[in-house]
There are 2 protein chains.
Amino acid sequence: MKPTHIEHIGIAVENIEKAIEFYENTFGLKCYAIEEVKDQKVKTAFFMVGQTKIELLESTDPEGPIGKFIEKKGEGIHHIAFAVKGIEEKLPELEKKGVRLIDANPRKGAEGLDIAFLHPKSTFGVLTEICENKNNK
Amino acid sequence: MKPTHIEHIGIAVENIEKAIEFYENTFGLKCYAIEEVKDQKVKTAFFMVGQTKIELLESTDPEGPIGKFIEKKGEGIHHIAFAVKGIEEKLPELEKKGVRLIDANPRKGAEGLDIAFLHPKSTFGVLTEICENKNNK
């Protein structure tokens, strides 16, 4: 699929306010956006680090994917997102190569991106997202 | 500390040859280097994705840090590395702000980088590395 760059790294946290304070005051990064993604039952906070964003994720519902992740594994890195061009064609291409898709079709994620998740069982344990920013076209 | 970019994302895998094949054939990335880091008891493989590297890590010893990680958590994302300038000064600065250091002083990592790890207990569950490339100076 040849991704162009790492679009973001998703990090599951219990308390996003505390985590934002840490990333700002200790790591010297600037939170430029906070957004709730109701569909995913998360509140997100974004920081730019070069080409890549750190996306902090706090669950708004214990039954949501981040709530379950933290219950099972604790806080930590949740997923990596690769930026691609032509996401609609990339998904069937990946499926043909044996990748199990969580999202057979792209859906809207944070920041208006078109996103789709691949199942970690078929990507060596890494929850992988592919995404495309069509906002600037 | 204001990192300039994400230098790499470390991913623990059981079989680096199979994982390299997957990243090349399925994700369309090119493995440009394979290196053993004896000190860390790992074999590493690198792929460039924009500004950031994917660093696959296979343990060469079940008692090494990657061997133990996989035993406990399975394959998956192991750490994030932020590129910084002046790593020697960043470490005491982070410690003063309450970050627990795994490496109080930088040591040599893969690709000749100066690296140091921060303890995930003080970084919201994320095993965080800071590193500096002094090779090109």
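Predicted, not measured: the structure shown is a model, and the values here were computed from it. The figures here come from the full heavy-atom set of this structure, side chains too, leaving out hydrogens, waters and symmetry mates.
Test A:Ile77, A:Thr128, A:Ile9, A:Leu127 against B:Ile77 for side chain to side chain contact (heavy atoms under 4.5 Å, CB included) and you get one pass: A:Ile77. Results of the side chain to side chain contact (heavy atoms under 4.5 Å, CB included) test with A:Phe27 over B:Met1, B:Lys97, B:Lys2 single out B:Met1 as the only residue that passes.
Both the backbone and the side chain of A:Lys18 come within contact range of chain B, each with at least one heavy atom under 4.5 Å from a heavy atom of that chain. Proximity to chain B (any heavy atom under 4.5 Å) is shown, for A:Pro120, by neither the backbone nor the side chain. Only the backbone of A:Thr4 comes within less than 4.5 Å of a heavy atom of chain B; no side-chain atom from C-beta onward does. For a residue to count as touching a neighbouring chain, one of its non-hydrogen atoms must lie under 4.5 Å from one of that chain's; by this rule A:Ile70 does not touch chain B.
Atoms CD and OG1, on B:Glu93 and A:Thr26 in that order, are 9.5 Å from each other to the nearest 0.5 Å.
Note on A:His79, A:His5, A:Gln51: by heavy-atom pairs under 4.5 Å with chain B, the leading option is A:Gln51. When each of A:Val49, A:Leu94, A:Thr123 is checked for heavy-atom pairs under 4.5 Å with chain B, A:Val49 comes out on top. Looking only at heavy-atom pairs under 4.5 Å with chain A, the residue among B:Ala19, B:Ala12, B:Ala83 that has the most is B:Ala19. Your options are A:Ile130, A:Asn15, A:Ile80, and the one with the most heavy-atom pairs under 4.5 Å with chain B is A:Ile80.
More than 12 heavy-atom neighbours from other residues, nucleotides or ligands sit within 6.0 angstrom of NZ on B:Lys108.
Under a 3.5 Å cut-off, the side chain of B:Glu75 and the backbone N or O of A:Gly125 do not form any donor-acceptor pair.
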For this session: For side-chain contact (heavy atoms from CB on, under 4.5 Å), just list the numbers for B:Ile16 and A:Phe124, CA-CA rounded to whole Å, side-chain angles, deciding distance to a tenth of an Å, and then say yes or no.
Result: CA-CA 10 Å; B:Ile16 205 164; A:Phe124 294 78; over 6 Å; no
